[in-house]
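Some notes on the structure that comes next.
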Amino acid sequence: MRVRLTVLGGCGAWPEPGRACGGYLVEHDGFRLLIDPGYATVPQLLQRVAADEVGAVFVSHGHPGHCADLNPLLRARALRDDPAPPLPVYAPAGALDAVLALDRPQTLAGAYEVHVFAAGASLEIGPFRAGTWLLPHWLPNAGIRLAAGGRVLACTGDSGPAEAVRELARGADLLLAEATYPERVPEDSLPYLSSAADAGRHAARAGAGRLILTHLWPGTSHQQAHAAAASAYDGRISIAAPGRVIDLQ
């Protein structure tokens, strides 16, 4: 049975007009997992599924471009006559503190269950077997490797170049890789962010079947990012854009 990925957004830092920060809906066997609900992802999500049809949320780290829209998602589930059941949310320690503090505790009481994990842990999320990797970023960031239906999807969250990225993506059918810059990452961000060229090298060395570049800095040329990744990786490359759907079969 297929694993379906729907891209909700792919902007880094803040959403461009009509777009959203990185966010991804992954479906298998009727279960829907939302990964990194950053700025403006919930309007994209709600065009496709109802808020109460989300089975779980995974947050790679606590930067708002990866978790800010957890708040409107929880509001859409809780502030109605028939509140949805508590939503399981998986996140590193402290990653949700700021976004959960946006409302008074009683506003969203019973709307969520936080499952704190340390990167490196293995998780069972619905039908997905999930491995997590600690990847270098300003905040503790957990890359995730999802396996279901004989298919594997790997997602970096945000990460500087690291051997752990290649381990995360080893033999994956699809790698969703942060690629904030096309080729050159500013010196002060070198340990913490990656380029499209880095993503291409990771995908090639990991033997990933397909690469999606995400978290592009607003205003970045998609053509330039694609070309930078293609200089190192000869597989299929896409840019994360709202509405892009990929079936892994």
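Just so we're clear, the structure is a prediction, and the values are computed from it rather than from any experiment.
- At a cut-off of 3.5 Å, with distance as the only test, no side-chain donor of D158 or H63 sits close to an acceptor on the other residue.
- Between S159 and H137, the side chains place no donor N or O within less than 3.5 Å of an acceptor N or O (distance only, hydrogens not considered).
- With hydrogens and angles ignored, the 3.5 Å screen pairs a side-chain donor or acceptor of N141 with a backbone N or O of T156.
- Residues R170 and E163 are paired through a salt bridge, judged by an N-O separation under 4.0 Å between the basic side chain and the carboxylate.
- Under a hydrophobic-cluster definition in which Ile, Leu, Val, Met, Phe, Trp and Tyr are linked whenever side-chain heavy atoms come within less than 4.5 Å, directly or via other members, L153 and I144 are assigned to the same cluster.
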Take Y181 and S189 through the test side-chain hydrogen bond (donor to acceptor under 3.5 Å, both in side chains) and record every step on the way to the result. CA-CA 11 Å; Y181 302 95; S189 300; 4.9 Å; no
Derivation of the salt bridge (charged side-chain N to carboxylate O under 4.0 Å, His left out) call for R4 and D247: CA-CA 4 Å; R4 168 168 287 184; D247 287 329; 2.7 Å; yes
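- Grouped by direct or indirect side-chain proximity (heavy atoms under 4.5 Å, Ile/Leu/Val/Met/Phe/Trp/Tyr only), L46 sits with L8, L25, L34, V42, L45, V49, V54, V57, V59, L70, L73, L74, L87, V89, L96, V99, L100, L102, L108, Y112, V114, V116.
- Residue-environment remark: CZ (R236) stays at or below the threshold of 12 foreign heavy atoms within 6.0 Å.
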Please set out all donor-acceptor pairs under 3.5 angstrom arising from side-chain atoms of residues 126-136, sequence neighbours excluded.
unit_1: T132; atom_1: OG1; unit_2: G120; atom_2: N; d: 2.9
unit_1: T132; atom_1: OG1; unit_2: A121; atom_2: N; d: 3.0
unit_1: T132; atom_1: OG1; unit_2: A121; atom_2: O; d: 2.7

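- Heavy atoms only, all atoms of each residue included: S195 and P182 are closest at CB-O, 3.6 Å.
- Using cut-offs of 30° and 60° on the angle between ring planes, the pair W14 and W217 is perpendicular.
- Within a 6.0 Å sphere centred on CG of D81, other residues, nucleotides and ligands contribute 12 heavy atoms or fewer.
- Interatomic distance, CD1 of I246 versus CZ of R2, reported as 13.0 Å (0.5 Å rounding).
- Of the possible polar contacts, one joining the R77 side chain to the P85 backbone as a donor-acceptor pair under 3.5 Å is found.
- D198 places no side-chain N or O within 3.5 Å of a backbone atom of P161 that could act as its donor or acceptor partner.
- Side chain of R166 to main chain of H202: no donor-acceptor pair is present (N/O by atom type, distance under 3.5 Å, no hydrogens or angles).
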